[in-house]
Amino acid sequence: MTTRIALIFILAVVLSGCSNQETQDEASSVKKMDVEQLMDAPSSHLDQTITVEGVVTHVCKHGGKRLHLSKSGSDQMVRVRTTKNMAPFDRELEGSTVQISGTFVEERLDQAYLDKLRKGEEEGDHHHEASGDEGADAQAAEQGQVSEAFIQEMQQKIDQSEKGYIVEYWLNAEKIKQNHL
């Protein structure tokens with residue numbers, strides 16, 4: 001009887017050690033970096049789960065589903081959006097340093113995308129807030145629509161692109177951790 005209990009105990013210790021090792025291996029496989037490291041070579045991180053640390057410089061006013069993450073003192077920025085299992089970002093995060101984990105993806109914006117925006121068929125998961133608080137652009141933004149000025153700006157960028165599209169990089173957030181000082 002004592003032998004059986006000892007054997008069960010040893011087996012439990014071995015199995016728990018294996019399970020802890022798997023958890024540690026999964027955690028160590030997630031790349032941790034700051035915004036500049038990510039944006040210096042974005043294509044090398046595509047479709048990978050990463051953790052990015054930076055300062056929240058903007059939280060979308062229309063639902064909190066997007067934010068901008070930057071390194072303090074840098075003009076480089078990562079666009080971040082919530083996934084379906086995440087609550088919207090709190091506007092109180094602006095100015096805070098956070099770590100956001102998720103999948104880094106590339107989206108190509110082309111003429112077909114702009115045509116859908118013009119027709120109102122595209123929800124505009126991208127960051128299309130109006131730049132001013134007055135006029136038609138602000139009214140369109142309030143209604144969750146895209147301003148004509150934004151569409152024209154995007155059209156110019158696509159026309160000037162050799163590839164016929166422009167690229168936006170997004171971190172599809174799965175987890176956020178606020179750094180407390």
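This chain uses plain numbering: 1 for the first residue, then up along the sequence.
- Ionic pairing of Glu168 and Arg81 is not present here: no N-O contact between side-chain nitrogen and carboxylate oxygen is shorter than 4.0 angstrom.
- Here the NZ atom belonging to Lys65 is positioned 9.5 Å from the SG atom belonging to Cys60, to the nearest 0.5 angstrom.
- A search for side-chain hydrogen bond (donor to acceptor under 3.5 Å, both in side chains) contacts involving Asp75 returns nothing, not counting sequence neighbours.
- Contacts of Thr97 classified as side chain to side chain contact (heavy atoms under 4.5 Å, CB included), with partners at least two apart in sequence or in another chain: Glu53, Val55, Asn179.
- Inter-residue side-chain proximity for Tyr169 and Val78 is flagged as unmet; no heavy-atom pair is nearer than 4.5 Å.
- Met77 and Leu67 sit in two unconnected hydrophobic clusters of ILVMFWY residues. Membership requires side-chain heavy atoms under 4.5 Å apart, directly or through other members.
- Ring geometry for His45 against Phe104 counts as perpendicular: the plane angle is over 60°, on a 0 to 90° scale with 30° as the lower cut.
- Taking every heavy atom of both residues into account, Pro88 and Gly63 meet most closely at CB-O, 3.1 Å.
- Sorted by first and then second residue, the pairs that involve residues 157-167 and meet salt bridge (Lys or Arg N to Asp or Glu O under 4.0 Å), not counting sequence neighbours, are Glu153-Lys157.
- Contacts of Ser161 classified as side-chain hydrogen bond (donor to acceptor under 3.5 Å, both in side chains), with partners at least two apart in sequence or in another chain: none.
- The shortest heavy-atom contact between Ala173 and Met86 is O-SD, 3.3 Å.
- The structure places OG1 of Thr51 at 11.0 Å from CG of Leu38, a figure rounded to the nearest 0.5 Å.
- Inter-residue side-chain proximity for Val105 and Asp47 is flagged as met; some heavy-atom pair is nearer than 4.5 Å.
- Under the rule for a side chain to side chain contact (heavy atoms under 4.5 Å, CB included), the partners of Ile158 that lie at least two apart in sequence or sit in another chain are Leu114, Ile166.
- Closest approach of Phe89 to Thr82, counting heavy atoms only: CE1-CG2, 3.5 Å.
- Partners of Lys71 under the side chain to side chain contact (heavy atoms under 4.5 Å, CB included) rule, at least two apart in sequence or in another chain, are Asp34, Val35, Glu36, Ser74.
- Here the NZ atom belonging to Lys32 is positioned 12.5 Å from the CD1 atom belonging to Ile50, to the nearest 0.5 angstrom.
- When the side chain to side chain contact (heavy atoms under 4.5 Å, CB included) test is applied to Val98, the partners found at least two apart in sequence or on another chain are Val56, Leu69, Leu93, Ser96, Ile100, Ile176, Gln178.
- For residues 85-102, every residue pair satisfying the salt bridge (Lys or Arg N to Asp or Glu O under 4.0 Å) rule, not counting sequence neighbours, is listed here: Arg91-Glu94.
- With values rounded to the nearest 0.5 angstrom, Thr49 atom OG1 is found 11.0 Å from Lys175 atom NZ.
- The CD atom of Gln111 sits 6.0 Å away from the CZ atom of Arg118 when rounded to the nearest 0.5 Å.
- Rounding to the nearest 0.5 Å gives a distance of 9.0 Å between CG of Asn85 and CD of Glu174.
- By the side-chain hydrogen bond (donor to acceptor under 3.5 Å, both in side chains) test, Asp110 pairs with no residue at all, sequence neighbours left out.
- Glu106 is linked by a side-chain hydrogen bond (donor to acceptor under 3.5 Å, both in side chains) to Arg108, counting only residues two or more places apart in sequence or in another chain.
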